[in-house]
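Taking it in order: structure first as structure tokens, then the write-up.
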Amino acid sequence: MKVATFLTDFGVLDGYVAQMKGVILSQVDARLVDITHDVASYDIRGGAFILQSVVPFFPVGTVHVAVVDPGVGTDRRGIIVITRDYVLVGPDNGLLIPAARRLKDFTVYEISDEKNMHSSVSSTFHGRDIFAPVVARILKGVPFDELGFPVEQFVDLDFGQAEMTPSGIVGQVIHVDRFGNVITNITGVQLVDVVSFDTKIRVGIGNRSMNVPFVRSYGYVKKGMMLGTIGGSGYFEIGVNQGNAARKLQVTSGDVLWVAVG
Amino acid sequence: MKVATFLTDFGVLDGYVAQMKGVILSQVDARLVDITHDVASYDIRGGAFILQSVVPFFPVGTVHVAVVDPGVGTDRRGIIVITRDYVLVGPDNGLLIPAARRLKDFTVYEISDEKNMHSSVSSTFHGRDIFAPVVARILKGVPFDELGFPVEQFVDLDFGQAEMTPSGIVGQVIHVDRFGNVITNITGVQLVDVVSFDTKIRVGIGNRSMNVPFVRSYGYVKKGMMLGTIGGSGYFEIGVNQGNAARKLQVTSGDVLWVAVG
Amino acid sequence: MKVATFLTDFGVLDGYVAQMKGVILSQVDARLVDITHDVASYDIRGGAFILQSVVPFFPVGTVHVAVVDPGVGTDRRGIIVITRDYVLVGPDNGLLIPAARRLKDFTVYEISDEKNMHSSVSSTFHGRDIFAPVVARILKGVPFDELGFPVEQFVDLDFGQAEMTPSGIVGQVIHVDRFGNVITNITGVQLVDVVSFDTKIRVGIGNRSMNVPFVRSYGYVKKGMMLGTIGGSGYFEIGVNQGNAARKLQVTSGDVLWVAVG
């Protein structure tokens, strides 16, 4: 079984993603799985977060193609990131890097092979004309050396690391999901070192702070109540049971957030 | 061919559904078909309606997994519902039951097998960590007795039954679809007993009532005109040809509605 | 490998598309690829544009089913359009025709075979009860003559042709994509005959006109700047780098637009 996944900011209205899939299926039979196409337009950081949260759950050998690409058609490079178990394909703008780091050791290739390209390469749609043909060729087993060459340099991106300070852990909001849950870069591992489940913890965002129950899951508090928990990606998140925490707190991606210790 | 379908309120933004699919494909090759991920957050009833309308159209042997789950992480159970032709997997909160009833005889198993679980079961994402592994194991042919045990009790849910009264049929709005069509729990069978196609019928909602043509399909009335018809699921529905009836009537799921007889 | 694609205005909320897919998979194993289900309700022209932009990228033999169908349940016919490499299935309302023309020579069949139909044909859901069974039978290799019969007449639809006038090329907006890019019926071939990349061109819409750089792709201008380019479908389009041109220009599908020559 060959599998490819797709993450873009193309939306689904215009059939752009379907064009990519058509190009791939024209060359190779594969299971095609959408991650999302609703990344906010040009939001590389948001796309990178979602990508890294999904990639490790797929079968070994899966090729993940991701396109959030404000620089399309300029001289930004296309890259292939090779990890032990997966291959990532997309623009060299940081989008693929958090996923690559989560997958541990990785090698970056710059895409160079002109033979990959769809017969009429458009300069506005590399997803279809460059990345999809590369994905198809990888799934067919074409060696990476025929698709590009290894490079040392690439555009990096990370979500920062939450820091331990004497008064608490200081982190950042890295994603607000569709339920309005506020996901931070404080890891579950960092947090459970200093606070215990089923206690109240003190959380600050901007110039507000509040006590919230720290629980194993949303269902542990009443409907409408705020809570802190470790989410499905292993990060500390703040939510409202069956409600929207981001709206309530007026929080957005990038905001600083702290959890008091002791 | 193995087939699994997916119905959730996760949306597609965050890649949660893709994580479930990755877990399944890591264990078994299967066709994965989305029903919808746009069920209103935590709307068990709305999800249950859509699920029951879709399940019987799939190949025998299809496993349908549905997750609309405000109680995730509490002690609500996960269940497997076994019917003659299909298997349903999801939380024990009523979501699966209207589909099960439509499929006639069914047996409910409580999920118990810890071996199913993804190595790091998160307490907030049972879709990925419990239900998806169970789906994969069912598709691989693991006997149900290795996944759980039969139970007599489960959380029930129904859409009520429209009632015949001397003055008419009294029912309820069970779903408003994306076109604004108002779908009721009055069945086509109940209705055609008492009214005829191509006549005017009297319909009441709240304290309003009106005469609408009862026709075989939307195209039988002019653009912008209201009508009653039997929809694709076999239920009586009120629509506006190329317009939005729910908005026009200010109707929402759960509202009472009657059709006069004679 | 058998492939079917799907384009509708059904949205994904209600599971209508999943019902179609279930009907097909019940008869034949195939890769099922969504083009889009977010065509504006009843917007045949918008659906036709997206369909024609996608079809040629799929493997030879793909069956494309498209349903944007305000006339469902009336006596509008269902048709099969046979081209050298693909088959299109849908209502006879023009939706399939621009795609058929792009694929060159084509033959139109009227669907007639009652044996195709799902056992209980609903008069409101031909997508599931007529078109999906026809798609399944085509994928199984049933001869077209068993599904219908050739007809000379069909409902036509085109996007008009941009015209060369002494003062410039006069065309029309045929689509606004999800980024707000304004796609016209002026072809790249027409345009590059009279203007050169990396020059300023004069563009008029309504009673406004402006000079915009004509570039190979969006990344060639600064963020927020307007530009003209040849889009991924080969048509002239106006965009704003990382912005929304349609909103800025108050432009919508059908508006007249010109590009000055010289």
Side-chain angles (χ1 to χ4, degrees), chain A residues 1-3 5-7 11-12 31-40 46-47 49-62 64 66 85-86 175-181 183 188 197 215-221 223 227 229-235 237 239 241-244, chain B residues 1-4 6 8-34 37-44 67-77 91 93 118-133 136:
Chain A
M1 176 180 42
K2 296 166 194 297
V3 181
T5 78
F6 299 80
L7 175 145
V12 292
R31 297 249 176 259
L32 307 180
V33 180
D34 295 302
I35 296 178
T36 183
H37 303 292
D38 290 347
V39 174
F49 174 77
I50 296 167
L51 186 65
Q52 65 79 34
S53 74
V54 172
V55 287
F57 294 99
F58 274 81
V60 169
T62 296
H64 300 283
D85 293 338
Y86 304 103
H175 184 61
V176 173
D177 79 9
R178 96 115 175 179
F179 295 98
N181 300 326
I183 299 162
F197 279 118
V215 292
R216 277 167 213 284
S217 89
Y218 284 75
Y220 280 84
V221 305
K223 190 172 163 174
L227 61 103
T229 190
I230 308 300
S233 285
Y235 289 108
E237 65 186 58
N241 189 15
Q242 303 183 44
N244 190 308
Chain B
M1 177 179 44
K2 297 166 193 296
V3 182
F6 298 81
T8 74
D9 64 348
F10 296 167
V12 291
L13 170 60
D14 301 297
Y16 296 141
V17 176
Q19 293 182 38
M20 293 176 64
K21 291 179 180 172
V23 167
I24 292 172
L25 291 177
S26 294
Q27 290 197 45
V28 63
D29 189 19
R31 296 249 176 261
L32 307 180
V33 180
D34 295 303
H37 303 291
D38 290 348
V39 174
S41 295
Y42 318 116
D43 179 10
I44 295 168
V67 192
V68 179
D69 195 10
V72 64
T74 63
D75 56 4
R76 77 95 189 90
R77 306 177 304 176
N93 61 16
H118 193 269
S119 49
S120 63
V121 176
S122 121
S123 47
T124 57
F125 195 0
H126 286 188
R128 179 191 70 201
D129 296 338
I130 297 178
F131 299 132

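Each chain gets a letter, A, B and so on, in the order the sequences are listed, and its residues count up from 1.
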Practice problem: With a 4.5 Å cut-off on heavy-atom pairs, point out which of Gly234(A), Pro56(A), Gly219(A) contacts chain B the most. | Solution: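 Ranked by contacts with chain B, first place is Gly219(A).
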Quiz item: Using a cut-off of under 4.5 Å for heavy-atom pairs, which of Asp38(A), Asp177(A), Val33(A), Ile35(A) has the most such pairs with chain B?
Solution: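 Among the listed options, the one with the most contacts to chain B is Asp177(A).
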Quiz item: Do the ring planes of Phe10(B) and Phe179(A) sit parallel (below 30°), tilted (30 to 60°) or perpendicular (above 60°)?
Solution: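 Rings of Phe10(B) and Phe179(A): perpendicular, as their planes differ by over 60°.
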Sort [X] into side chain, backbone, both or neither according to what part of it lies under 4.5 angstrom from a heavy atom of chain B.
X: Arg31(A); result: side chain
X: Ile183(A); result: side chain
X: His37(A); result: neither
X: Asp34(A); result: backbone

Nearest non-hydrogen partners of [X] and [Y], listed with the distance:
X: Ala18(B); Y: Val54(A); result: CB-CG1, 3.9 Å
X: Val68(B); Y: Pro91(B); result: O-CG, 3.8 Å
X: Pro133(B); Y: Arg128(B); result: CD-O, 3.2 Å

Exercise. Find the one option among Val17(B), Asp9(B), Leu32(B), Val12(B) whose heavy-atom pairs under 4.5 Å with chain A are most numerous.
Key: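 Ranked by heavy-atom pairs under 4.5 Å with chain A, first place is Asp9(B).
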Quiz item: Does Ala132(B) have any side-chain contact (heavy atoms from CB on, under 4.5 Å) partners at least two apart in sequence or in another chain, and if so, which?
Solution: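 With sequence neighbours excluded, Ala132(B) shows a side-chain contact (heavy atoms from CB on, under 4.5 Å) to Met20(B), Val23(B), Ile24(B), given in chain and number order.
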Practice problem: Please identify each residue that fulfils salt bridge (Lys or Arg N to Asp or Glu O under 4.0 Å) with Asp69(B), with sequence neighbours left out. | Solution: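 Partners of Asp69(B) by the salt bridge (Lys or Arg N to Asp or Glu O under 4.0 Å) criterion, ordered by chain and then number, come out as Arg76(B).
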